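In this text, all values refer to a predicted model and were calculated from it rather than measured experimentally. Position 1 is the first residue of the sequence, and the numbers go up from there. Read the numbers this way: they start at 1 and go in the same order the structure lists the ligands and their atoms.
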Amino acid sequence: MHSFQIAPTEKSALWRDLLAAVDAITAGEPDGVANMANAAALLFEYLPDVNWAGVYRLVDGELVLGPFQGKAACIRIAMGAGVCGTAAATLTTQLVEDVHAFPGHIACDAASRSELVVPLVRDGVLLGVVDLDSPQVARFDGVDAAGCEALAALLVMRI
Ligand code: SME
């Protein structure tokens, strides 16, 4: 059993502890699927007000569902489609305060109201995206974006 003490009230400290936990649990493990699965589990368990946390992988030019926690989700997303496809196509973090206002948003869980998607890029090559959903409007801010980008930078070295 893995147990992590992650309960800071300050958001940047929470991301720091999450990063340390993902680092610890993936260190020395060569299996990328196992590492994505544990990263998704830690994000889902410790980030408050998140109803979906996981990874889409770039496979043959489209995003394909990877390890995640939350409701069953759409399996394939074209480059440029939805929030995930936009992050992948532009290689930029997408911070969406209200998904209803995002043209082309793909609703996997009708409860989702805000979303943060960070591209997974290693040596300039897109590997996929990390996707976080929340049932709260404007759940994510710049601190979450920076924290998730740091986590993505670690994860690409472990997948
Ligand atoms: N909402 C995403 C699709 C993935 S689910 O949220 C898990 C999008 O618009 O790309």
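Heavy-atom proximity to His105, at under 4.0 Å, picks out these atoms of ligand 1: 1 (N), 9 (O). Atoms of ligand 1 lying under 4.0 Å from any heavy atom of Asp133, numbered from 1 in the order shown and given with element: 5 (S), 6 (O). Those atoms of ligand 1 with a heavy atom of Gly82 less than 4.0 angstrom away are 9 (O), 10 (O). Counting the atoms of ligand 1 from 1 in the order shown, those under 4.0 Å from a heavy atom of Asp131 are 4 (C), 5 (S), 6 (O), 7 (C).
Among protein heavy atoms, atom 5 (S) of ligand 1 sits closest to Cys108 SG, 3.1 Å. For atom 8 (C) of ligand 1, the closest non-hydrogen atom of the protein is Val83 N, 3.3 Å.
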Checking side-chain hydrogen bond (donor to acceptor under 3.5 Å, both in side chains) for the pair Glu29/Asn35: CA distance, chi angles, key distance, verdict?
-> CA-CA 7 Å; Glu29 172 51 61; Asn35 290 337; 5.5 Å; no

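Among the atoms of Ile106, some N or O lies under 3.5 angstrom from an N or O of ligand 1. Where the criterion is an N or O separation shorter than 3.5 Å, residue side chain and backbone included, Glu115 meets it with respect to ligand 1. At a 3.5 angstrom cut-off on N or O pairs, Cys84 counts as close to ligand 1. Looking at ligand 1, you won't find any N or O of Cys74 less than 3.5 Å from one of its N or O atoms.
Every ring pair (Phe, Tyr, Trp, His ring centres under 6.0 Å) that Tyr56 has, sequence neighbours left out, goes to Trp52.
Interatomic distance, Ser134 OG to Asn51 CG, rounded to the nearest 0.5 Å: 6.5 Å.
Within 6.0 Å of CG in Leu91 there are more than 12 heavy atoms belonging to other residues, nucleotides or ligands. In the displayed structure, Glu97 atom CD is contacted under 6.0 Å by at most 12 heavy atoms of other residues, nucleotides or ligands.
Partner of Leu120 under the side chain to side chain contact (heavy atoms under 4.5 Å, CB included) criterion, out of Leu151, Val130, Val125, Val129: Val130 alone.
Electrostatic pairing of Arg139 and Asp133 does not count as a salt bridge here, judged by no charged N lying under 4.0 Å from a carboxylate O.
Judged by the shortest distance from any of its heavy atoms, Tyr56 lies inside the 4.0 Å radius around the atoms of ligand 1.
In this structure the side chain of Arg76 never reaches within 4.5 angstrom of the side chain of Leu65, judged on heavy atoms.
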